[in-house]
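Reminder, nothing fancy here: chain letters follow the sequence lines and each chain counts from 1. What you are looking at is a predicted structure, and each value in this text was computed from that prediction instead of being measured.
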There are 2 protein chains.
Amino acid sequence: MGITKNHIFDEYQNETANITKVLGHPARIAIIQHISQHEYCNCNDLVEATGLAQPTVSQHLSEIKKIHLLTQKHQGKNIFYAIDLDVLNQYRRKINDFFVKIQVNCQK
Amino acid sequence: MGITKNHIFDEYQNETANITKVLGHPARIAIIQHISQHEYCNCNDLVEATGLAQPTVSQHLSEIKKIHLLTQKHQGKNIFYAIDLDVLNQYRRKINDFFVKIQVNCQK
DNA sequence: TATCTTTATTGTAATATCACGTTATCACAA
DNA sequence: TTGTGATAACGTGATATTACAATAAAGATA
């Protein structure tokens with residue numbers, strides 16, 4: 001049905017999948033990379049960098065925003081995006097811990 | 001179009017997204033967890049553990065197999081699945097490095 | 001005010017994904 | 001060889017995702 005049965009999985013499983021799902025598209029990986037490499041990065045920069053149309057980039061940005069990985073600063077007509085480092089680090093640990101737990105379980 | 005323009009992204013971006021995409025569904029997180037916790041785990045165990053139908057579990061297993069995260073041992077009519085720890089660890093480092101690189105870029 | 005820039009929203013077409021019933025396959029057992 | 005149990009493959013319906021054109025909204029600037 002294209003519809004995920006979230007209710008049959010626990011919070012940890014859903015949260016983990018929500019984060020990795022957002023990272024599960026090369027355009028979003030590229031967007032996150034580009035923002036991290038350019039201090040004042042707006043939507044047009046990302047359109048140029050990725051080669052995708054502006055609405056497509058905007059859509060991907062909104063997915064990334066949903067998990068609070070981005071901050072935005074309005075400056076005139078521009079919106080400059082940046083990575084929320086606290087959130088990034090939290091997710092880094094969360095995903096790494098997932099892998100480590102799997103590994104530890106296997107070795108019992 | 002529901003179709004990802006993989007060709008406009010580089011190998012690193014596509015590879016990273018391919019891994020996280022597979023982890024981007026709670027059923028697959030649950031399946032990986034369950035396999036790691038049970039030494040002799042077959043498809044029926046996963047059907048019971050997740051509450052999903054057998055074909056659905058089989059489909060998710062095949063997604064996880066595509067990135068070589070699983071090994072399988074045929075034993076009579078059973079197939080016992082296990083995590084490939086080398087691949088797991090490789091992916092753990094790859095994803096963690098992605099996060100770290102983003103973090104480092106931001107701090108320049 | 002009128003216009004330009006930048007970004008978000010809306011609408012839509014094409015494709016992918018999720019879930020499962022049904023069927024096929026394959027190993028073993030009676 | 002017939003049946004049973006386990007898994008994969010096939011087919012299909014429902015929903016989600018990806019991508020973009022067109023449009024709207026909101027802030028500059030002439």
Under 4.0 Å between a side-chain N or O of Lys21(A) and OP1 or OP2 of dT17(D)?
yes
At 4.0 Å (heavy atoms only), tell me whether His74(B) reaches a base, stays on the sugar-phosphate, or touches nothing.
nothing
Can a side chain N or O of Tyr81(A) be found less than 4.0 Å away from OP1 or OP2 on dA8(C)?
yes
Parallel, tilted or perpendicular: which fits the ring planes of Tyr12(B) and Phe98(B), with parallel below 30° and perpendicular above 60°?
tilted
Does OP1 or OP2 of dC20(D) have a side-chain N or O of Lys5(B) closer than 4.0 Å?
yes
dA19(C) base to Gln59(B) side chain: any donor-acceptor pair below 3.5 Å?
yes
Report, one pair per line, the protein and nucleotides 3-6 of chain C atoms (nitrogen or oxygen only) whose separation is under 3.5 Å.
unit_1 : atom_1 : unit_2   : atom_2 : d
dT5(C) : O4'    : Lys77(A) : NZ     : 3.1
dT6(C) : OP2    : Asn44(A) : ND2    : 3.4
dT6(C) : O5'    : Asn44(A) : ND2    : 3.4

Which part of the nucleic acid, if any, lies within reach of Phe80(A) when heavy atoms closer than 4.0 Å are counted: base, sugar-phosphate only, or nothing?
nothing
Describe the nucleic acid contact of Thr4(A) in one word from base, sugar-phosphate, nothing, applying a heavy-atom distance below 4.0 Å.
sugar-phosphate
Would you please confirm or rule out a distance under 4.0 Å between OP1 or OP2 of dA8(D) and any side-chain N or O of His60(B)?
no
Within the pair Lys65(A) and dA8(C), is there a side-chain N or O less than 4.0 Å away from OP1 or OP2?
yes
Note: for Gln75(A) and Arg28(A) on DNA chain D, the residue whose nearest nucleotide lies more 5' is Arg28(A)
Confirm from the modelled atom types if Gln54(B) and dA6(D) form a donor-acceptor pair under 3.5 Å, side chain to base only.
no
Residue whose closest nucleotide on DNA chain D lies nearer the 5' end, Gly51(A) versus Cys41(B):
Cys41(B)
Below 4.0 angstrom from OP1 or OP2 of dT7(D), is there any side-chain N or O of Ser58(B)?
no
